[in-house]
Amino acid sequence: MQKLIGPITQLLTLDNLLLKGALKDEKLEILENAGILIEEERILEVGSFLELLKKAKALNAEIIELKGDFVALPGWIDCHTHSCFGGTRARDFAMRNAGKTYLEIAEAGGGIWDTVTQTRKLTETELANRAVENANRHLSEGVTTIEVKSGYGLTVEEELKMLRAIKQADQKTTADLIPTCLAAHMKPRDFEGTNAAYLELIAQELFPILKSESLTNRIDSFIEKSAFSPEEIEPYYQKAKDQGFELTVHADQFTAGGSKVAVKYGAKSADHLEVSGEKEIELLAKSETIAVALPGASLGLGCAFTPARKILDLGGSLAIGSDWNPGSAPMGDLVTQASILATFEKLSTAEVLSALTFRSAAALDLEDRGKLKAGFLADFNLFPTENYQEILYQQGKLKPEQVWKRGKKT
Ligand code: NIG
Ligand code: FE
């Protein structure tokens, strides 16, 4: 059964925008008095509402007539979250603001390890339910595709529990969850052996199960002084690549080094990049690796933002993720974070909208979403406004009135 939704005051297709480089707002394709004709979970056509009305009638399609002004945009795609976790780290946040360093907090029992302890206490279903709660909140704000990382289990069994929980959560929410294995988040404190030995164990014992249970085809790591060095991650990534996994990296957050590994191993994305310098940015910009800015982590930690303007000006591709996690990015409001990044980094509306949609889809290697065009998934948001510029201007406060996922109103 086909459906026609409209009339829509402004429909931004985001079609014909390049995957890489700076984007001027004049390049945005804006259809006025538009409609979206859908069949099952996909878009059949976008265009003039009156023209589509004729087609819809001929097809005997259901006509869903909108009253008032609406702006239509593709569903947001959050390509980087840790939204499956146990407990809270409110204490870390307060301690950081009271002047404690990350290391002092870790020594006092905080940091990633604290969340690992709290996550390990939950059953797979309890954990799945937490992830569903977060996914549903994101979905209500228009985020229709959400990447979710493991990385708070840090043993073969506990990482499996997390990834099975994410799989379970995907069945329980209307949003699409894209799982990623982040067993290389840090060496767990209860592992007796070197970083290299831990990574070897993960590659040997966990990787084959990820494949056999179809838990994920994406491998992530945290390349940082407190986690893993580039030299430790390289053989790990080689093994992952040899087994056909796609790669992504937590890179250049506090010290540079990860972005080089990302480019060398052809990672789909290099995420964070707060301290990337000219050299790192140039390398990324020349590559196919998408740079992912995570303004939520800058806001949560009080650190500099990713040099997004420079990345785009040098010809790189920029996506924006929320990094939603209990430690560094507890807010999880993607649009608020993106519009704040835009004011500090001077990003055009076209650049931000692209970073939240098709460029973010590319970071996840998804080719069927992020634009409003024939053949793409009917994932879209209807904002109650006559002007698309209101969305970023209101810094996340203007929520979509309707969120459509795979051709269904949620
Ligand atoms: O992306 N940087 C490493 N990992 C997360 C933080 C995770 C945590 O603190 O729990 C991040 O910011
Ligand atoms: Fe992260």
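As the structure lists them, so they are numbered: ligands from 1, and atoms in each ligand from 1. This is a predicted model, so every value here is computed, not measured. All values below come from the heavy atoms of this structure, side chains included, with hydrogens, waters and symmetry mates left out.
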Mind checking whether His185 contacts ligand 1 via backbone (N, CA, C, O), side chain (CB onward), both or neither, at a 4.0 Å heavy-atom cut-off?
->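 Answer for His185: side chain.
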Tell me which part of Phe85 gets within contact of ligand 1: side chain, backbone, both or neither, using heavy atoms under 4.0 Å.
->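 Answer for Phe85: neither.
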Taking both backbone and side chain into account, is any N, O or S atom of His80 nearer than 2.8 Å to the Fe ion (ligand 2)?
->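 So His80 does bind the Fe ion (ligand 2) by this criterion.
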Using 2.8 Å as a strict upper limit, say whether an N, O or S atom of Asp323 approaches the Fe ion (ligand 2) that closely.
->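 Yes, Asp323 qualifies, because one of its backbone or side-chain N, O or S atoms lies under 2.8 Å.
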Are Gln238 and Asp242 close enough that a side-chain donor and a side-chain acceptor fall under 3.5 Å?
->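 A donor-acceptor contact under 3.5 Å links the two side chains.
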Is the closest side-chain donor-acceptor distance between Asp271 and His250 under 3.5 Å?
->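 No.
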Quick one: do Thr248 and Ser269 satisfy side chain to side chain donor-acceptor pair (under 3.5 Å)? Show the steps, please.
-> CA-CA 5 Å; Thr248 174; Ser269 73; 2.8 Å; yes
Nearest-neighbour protein heavy atom for atom 11 (C) of ligand 1, which is reported as residue plus atom name and distance |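 In this structure, atom 11 (C) of ligand 1 has Asp323 OD2, 3.2 Å as its nearest protein heavy atom.
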Please write down residue, atom name and distance for the protein heavy atom closest to atom 12 (O) of ligand 1.
->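 Closest protein heavy atom to atom 12 (O) of ligand 1: Ser328 OG, 2.7 Å.
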NE2 (His250) - the Fe ion (ligand 2) - NE2 (His82) angle, nearest 10° |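 Computed angle, vertex at the Fe ion (ligand 2), rounded to 10 degrees: 100°.
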Could you name the option among Phe222, Trp113, Tyr152 that has the heavy atom nearest to atom 10 (O) of ligand 1?
->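 Minimum heavy-atom distance to atom 10 (O) of ligand 1 goes to Tyr152.
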With only distance considered, is Thr115 within less than 3.5 Å of ligand 1 through an N or O on each side?
->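 N/O-N/O distance below 3.5 Å does not exist for this pair.
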Which ligand 1 atoms, with their elements, are less than 4.0 angstrom from a heavy-atom of Gln253?
->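 Numbered from 1, ligand 1 contributes 2 (N), 3 (C), 12 (O).
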Can you list the atoms of ligand 1 that are under 4.0 Å from a heavy atom of Arg89?
->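 With Arg89 as reference, the close atoms of ligand 1 come out as 8 (C), 9 (O), 10 (O).
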Hey, can you tell me if Tyr152 and His82 have their rings parallel, tilted or perpendicular (30° and 60° cut-offs)?
->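 Taking His82 first and then Tyr152, their aromatic rings sit tilted (interplane angle of 30° to 60°).
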Please work out which of the three classes, parallel, tilted or perpendicular, describes the rings of Tyr198 and Phe191, given edges at 30° and 60°.
->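 The arrangement is perpendicular - the two ring planes meet at more than 60°.
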Exam field: side chain Glu126 to backbone Thr123, donor-acceptor pair closer than 3.5 Å =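 It does hold such a pair.
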Do the two ring centres, one from Phe207 and one from Tyr236, sit under 6.0 Å apart?
->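 Yes, the ring centres sit under 6.0 Å apart.
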Any Asp69 side-chain heavy atom under 4.5 Å of Thr385 side chain =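 Side chain of Asp69 against side chain of Thr385, heavy atoms only: no contact under 4.5 Å found.
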